[in-house]
Structures are given as C-alpha cells and as structure tokens.
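Because the structure is a prediction, the values reported are computed rather than measured. We name chains A, B, ... by the order of the sequence lines, and we start the count at 1 in each one.
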Number of protein chains: 2
Amino acid sequence: MATLKQIGKELGLSVTTVSRALNGFPEVNEATRVKVRETAERLGYRPNRIAQRLVTGRSGMVGMILKIKPDMSADQTFFQTLTGMTAALAAHETDLVLAVDQDADPVQAYRKLLERNIVDGFILNAPVRDDPRIAYLKDQNIPFVLHGRDRDAPDYPFYDIDNHAVSTDAVDLLANLGHRRIALINGEVQYTFGLDREAGFRQAMAGRDLAPGWIVNDATLEQQGYQAALDMLSQANAPTAFVCFSTLVAAGVMQAARDKGLSIPKDVSIVAHDDALPQTRAIEFNPALTVTRAPLRDAPEPLVNHLISVLRGAAATDHQQLVRAELILRGSTGPVPSVP
Amino acid sequence: MATLKQIGKELGLSVTTVSRALNGFPEVNEATRVKVRETAERLGYRPNRIAQRLVTGRSGMVGMILKIKPDMSADQTFFQTLTGMTAALAAHETDLVLAVDQDADPVQAYRKLLERNIVDGFILNAPVRDDPRIAYLKDQNIPFVLHGRDRDAPDYPFYDIDNHAVSTDAVDLLANLGHRRIALINGEVQYTFGLDREAGFRQAMAGRDLAPGWIVNDATLEQQGYQAALDMLSQANAPTAFVCFSTLVAAGVMQAARDKGLSIPKDVSIVAHDDALPQTRAIEFNPALTVTRAPLRDAPEPLVNHLISVLRGAAATDHQQLVRAELILRGSTGPVPSVP
DNA sequence: TTTGTGTTTCAAAACGTTTTGAATCGGGTG
DNA sequence: CACCCGATTCAAAACGTTTTGAAACACAAA
C-alpha cells in the first residue's frame, strides 16, 4: 500500500505538501498538485482510513442494531431500508456496522458497540414509547437518528411519517363517504407507529361522534387481517369500512369480504397504508386499493443525511423531518351501502 | 475517554508498563498489574481500537456483501446466519461491516470496501460456479471464507454441506424402497449448491440405470414446488417419488399430491432437504417429512472461526470443512406402490 | 567491592495521517 | 542594499496504541 511518505519521497516533497495537494488545500502550487495526483494515481495510493480516523478522532462508521423476532424473521421492510442506507452512507465515505440484538436488555447491544469505539453514531428504527435506547444514547451524548419517533415533539433528529394523520386521513375519507361503522386493523402497538395509528383513529372517530367499536391490534400478516375481518363481518351490524395497517393486511381483509359474499367497494370499503414495498403492490389489487402512501424507500437518504449532519456538529433539532403520507383514491372505497 | 497515558500518570508508570499490565504480559509485577487494573476500571478505560488497529495493521472488521434479488427480498436464511455470525465474531473482538451489492459487476462492492481499508477479510455466501468474486479476492490476496464452494476441492477456507451427497442419499433411499420414477424439484442452479444437487441426483440415478426424466430447477417457493409437482403428477407414468430442494418446496409438492387425490406415503414418497429454518419445520408436516438435515444455524460459528484463524495467519487449506447432511427417516417415504 | 542474574520498568520508535507554526524563496519596494 | 510580502513548502507534533531494546533495580555469588 502506497503511503503519503512514499509519494513524497518519489517527488522530493514532504508529506505535508502531499497531504495538502491531495486534499485540495489552496496553498499548494498547481503544478505540484498535478504531479502529486499523478504519482498517487500511479502508485495506487488509497488513504489509510484507520490513520485518518485516529487523528480526526472519528471512526467513519455508524452502527445499526437489528432486533430479531423470536421466529428469526425480521422486518419485511428491512432489506429495502438497508439497501438505501448503505448507498446513502457510501456517498459520505461512511460504513455501516451491523449487529444483532439478542439480549433481553435492549440497550446492551448499543453499549457493546460503543465500548469498542467502533462507531460515531447510530441509526435506530422501530421505536417503542419512551424507548430506553434513546434515553441511553442521549445520556451518553452519542449522536443518533431515529426512523420514527418515541414521543411527540422530540428533541433528537428523526425521519418519520405522520402516523396520526395516516389514520385521521383514512377515517375522514370514509366518514365523508357516509361510513359510520369503521374498523381499524392495526399493527403492533408495542411500537409507536402502531400506537399513533390507533390514537389517530380514535381521535378522528371521536371528532365525528363515531364509536370506535372495531379495533384489532398486532395484525401484521395477511392471515391475521383475514381472520380479524372475518370475525367482524360475521357479527350483526358489521363494519362497512376497514382501515388497514398495511397492504398485506388489506389483502387478507379483502379475501374475508369476498368469502362473506361481499363486494368491494359496493358493500365494504377498504383503505390501507402503503409503504410501497415491492411485494404487495396496492395498485394491482382488484379493485385497486385506496391508500395513504409513504414509500419506505424515501426514508434512508434523509435519515442518513440527518445523521451525517449531526455527526458534523449540526444542531439535532435542525434535522427533524415529519412527512405526511399522500392519500391516493382508487377503487376500494365507495359510498356507504344504503341500508344493510 | 481515558487513555493509557492517563492511567500511567495517575500511577507514575510508563504507558509501556500499563499496556503490558492490561494485556497480560508476564514481565510485569503482579502488584503493579492489580493497581493498573483497578485504575483502568475506575477511569472507565477502553482501548482505542482505532489506535490499536493502526499499529497492528489490522482493522478488526470483516465484510459481508449482500446480494439482493430484484424483488428486494433476500435469502430467507439470511437472518439466521447473520445472528450467528455477529455473535461468533463478537467473541473475537471483531465486527461486521455490511454492504449491499447493487452493481452489475459482482466484484465491485468488494473492491470498494477494500479500497477504503475497512476490512481485513470477507465472508462470502451463495457462490456460483467459478465465482468471479473468489478469483478477485485470491488475486488480491485478501483473506476470505466461503459458505459453500465454487468448485470441487478448492484451495480456500470454506464451510459447506455435501450437496452432492444430499441428492445421492435421497435417491438411494427411494430406490431402495423400490421407486424407479424419481423426480427432482431443485433450487436455483445459478448457485453451486443447486448444481451440486442436480449432479448428485443425475449420478445416483445413472448408477442405478434409472432415467432422470423429471427435473425442475429454480424452484424456491412453495408455489413453484406445487406447480412443478402438479404438472408431473398429471402426466402418464407420473413419478412416484420426489426429492425436494427444501421443506418449503416439499410443502408445495405435498399439496399438489393431495390435490391429485394421492396420499403420502402410500402413493407418493417425498424426501426434502431441511436447513432447519424456524419457519417450516419438517417434523410438523403431515405426515412428518423424511429429510436430509443440515441445520443452517450450525454454519456461522465454524465459518467465523475459519476466517479468524486465517486472518491470524493459518494456512487456508487447514480450514476447510465439508459436513454431511444427516438422513432422517420419517413418515413421508414408503415403498413404491405395487402397480400404478 | 565487583560481577552476574533475573525481575521489572522505561524511553523511544513505529503505524499513516492531519494540522500547526515556521522556514524558504523570488520578487518587488523603499 | 535592506526590507517586506505573498506564495509555497517544510519539520514537527499530535492522535493512542504496540513493540523493541535498553536501563534500573535488587539480590546473590565471587
């Protein structure tokens, strides 16, 4: 591996000058700079990141810790996010160190990575309410950025979609179509996104004096959506509309409605939230799904950029981003059926 | 952050002595060592890995590059492997840098990580025949270890199961039960494990003068297993036994047999290879599945240990491990039906 | 007292970079 | 000629560790 010293010796220059020439400092003669560049190229010089990091005091790596579920599966969305993230990080000469959390204590894995002086900061996802990881990292004064929020109006950098509005938008749409009996098939309420969706739903319903009589939480799979909807549709005074946590859950709900001999949107309306994952495309449903849409692939780049800025010393609160999901009207929603 | 120098000043010792005391060198007075340990503990000393790495010339990180399929899903098996790997690496003070390969050129992502002097070596998986990544890493003289092999009798460290034997064992079992028309529902033949399974199958069939008339490749999903088996079972002189690439594929084959009104194992026998993933448990099939079994969770630790040894200078060929899958007889195999 | 011996400690170099503060040079100005 | 100035280059320090070769010390043997 070529070093600055070798390039210097080759040209009769000091390492100082070589370093400055390569790093674009203005006080070096343009002719010298060209020669240095040439020689560096010829010798195949690559800066030794380790040495750079020792002197700058930063490691140039950020950590991310995966929480794996007991069934060893992980978030469906993880690979989508990971791909975007490594690409965005590479643009800032930064690498991603991945670890898996297998501990009971959610903070343990972060502590371990920190103690080894490996990473400059963290990317967190899937926060729970008052997340202990966040308390820990703030206490230790470690930079991090969150995909999501663990509370309203936090004081750390984050990128999140407005999950509260996701629900209120859906309820507003359905209520304006005349629906009164609206169900929520929600995701995991251990996470704030689930909690926010439920809170938004309850508030929107309350604002219109509607009773939130049908709420099912912790449904993430198609099968769970199917089962929940089937139960509800079998009752007297069944709901006429469903707000679904995901397009996958909506697929289950749709199947349940069909199995009950109900047609969409004549008898039952369905709104889902669409993370725009490649597996289940809302527009290919039959009928095409009305959705609140916030592509997950939009998240990694802002997320990474926020973190990089903060690592460079920017104020945490300058890097908060709350995006509103888009409401896209398609064929799965219609006016409430006249009389049941 | 406390440093060696600070500990030294605190105790009136040189950094040399402090360093040696903490690293367990024999030539330091036991009383001194105790004092140093105490002070280090009290000051919360953590060695600066970056500095350590600069002087030792090793980064203490290994890289792994994920190949993501066009549908953005990844290997079902990935999380299983990842968990075991980070745990095994942590035992050697080593961290995992993850990157995603989004290039047409499979070597590009490796080159990038290397040019940045980030990693000491690589863990590769899912090799193709004469894998270009392996050629590149060997040419560059970069340590690596492979999960799988890209050819027979390679000269690099690997951990692999004997995929050839997986097929021959299955065929032998079925042929000994009297089956003559044996089908193979194989996985992706772009990878060597798929190729080896097919080669083993053909060889075992040829060894018994049986015609390998039913071979389907590139089936990884339940649906694909179902479709392939349904096609075969609809033909005249349909196969009486199936060798399946995975338990997931076997589930599809089983369903196809049932849909054809065939019972298992009376009319159709099924053998599958079982990676022992938590999602599809062969023993819970009905009837319980006869399998060749090689738990994927067994792989990460030997894999990591091989790599660590090689990083420490061991000979590459001392760290090759070929394990033979276990044949487990259960209820899905039986004698060939008397007359069709 | 001197010499030898084993134990324990130390100063200094090294890793490759960035950064600080100073030196050198050529050329103009007084 | 003496001085100053801008442009360019340099030597040295620093980051925190490991490692080398030598020094210091205590104690026993000669």
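Separating the CD atom of A/E27 from the P atom of C/dC25 is a distance of 19 Å, rounded to the nearest angstrom. We find that CD1 of B/I50 is positioned 14 Å from P of C/dT18, with the value rounded to whole Å. Atoms CG (B/L43) and C1' (D/dG16) sit 15 Å apart, rounded to a whole Å. Atom-to-atom, CZ of A/F25 to C1' of D/dC10 comes out at 15 Å; the value is rounded to the nearest Å. Per the geometry, CG belonging to B/L54 stands 9 Å off P belonging to C/dT17, to the nearest Å. Protein atom NZ of A/K5 is 7 Å distant from nucleotide atom P of C/dA14, rounded to whole Å. Atom CZ of B/R58 and atom P of D/dT18 are 13 Å apart (whole Å). What separates NZ of B/K9 from P of C/dC10 is a distance of 15 Å, to the nearest Å.
As judged by a 4.0 angstrom heavy-atom cut-off over every strand, A/G12 is placed among residues touching the sugar-phosphate backbone only. At a threshold of 4.0 angstrom between heavy atoms, the contacts of A/R53 with the nucleic acid are absent. Within 4.0 Å of A/T3, counting heavy atoms only, lie sugar-phosphate atoms of the nucleic acid but no base atom.
When the side-chain nitrogen and oxygen atoms of A/N23 are compared with OP1 and OP2 of C/dT18, one or more of them lie within a distance under 4.0 Å. At C/dT8, one or more side-chain N or O atoms of B/N29 fall inside 4.0 Å of OP1 or OP2 (strictly under the cut-off). Taking only side-chain nitrogens and oxygens, B/T56 never comes nearer than 4.0 Å to OP1 or OP2 of D/dT17. A close approach under 4.0 Å does not occur between any side-chain nitrogen or oxygen of B/T17 and OP1 or OP2 of C/dT9. Contact annotation: B/S19 reaches the phosphate of D/dT18 (side-chain N/O to OP1 or OP2, under 4.0 Å). Look at A/Q52 and you won't find any side-chain N or O under 4.0 angstrom from OP1 or OP2 of C/dG16.
Comparing A/A51 and B/L13, the nucleotide of DNA chain C nearest to each residue sits closer to the 5' end for B/L13. In terms of position along DNA chain C, the nucleotide closest to B/E30 lies nearer the 5' end than the nucleotide closest to the other residue of the pair A/R20 and B/E30.
No side-chain heavy atom of B/M61 sits under 4.5 Å from any side-chain heavy atom of B/L89. Side-chain contact between A/D155 and A/K138: present, with at least one pair of heavy atoms (C-beta onward) separated by less than 4.5 Å. The closest side-chain heavy-atom distance from A/R53 to B/R53 is not below 4.5 Å.
Closest to the side chain of B/V55, from the set C/dC15, D/dT9, D/dC15, is C/dC15. Across C/dT17, C/dT9, D/dT9, the shortest atom-to-atom separation from the side chain of A/L4 is found for C/dT17.
Of the listed residues (B/Y136, B/F158, B/F122, B/Y156), just one forms a ring-ring contact (aromatic ring centres under 6.0 Å, His included) with B/F144, and that residue is B/Y156.
Between B/R33 and B/E30 there is a salt bridge, since at least one side-chain N of the basic residue sits less than 4.0 Å from a carboxylate O of the acidic one.
The CD1 atom of B/I142 sits 12.5 Å away from atom OH of B/Y110, with the distance rounded to the nearest 0.5 Å.
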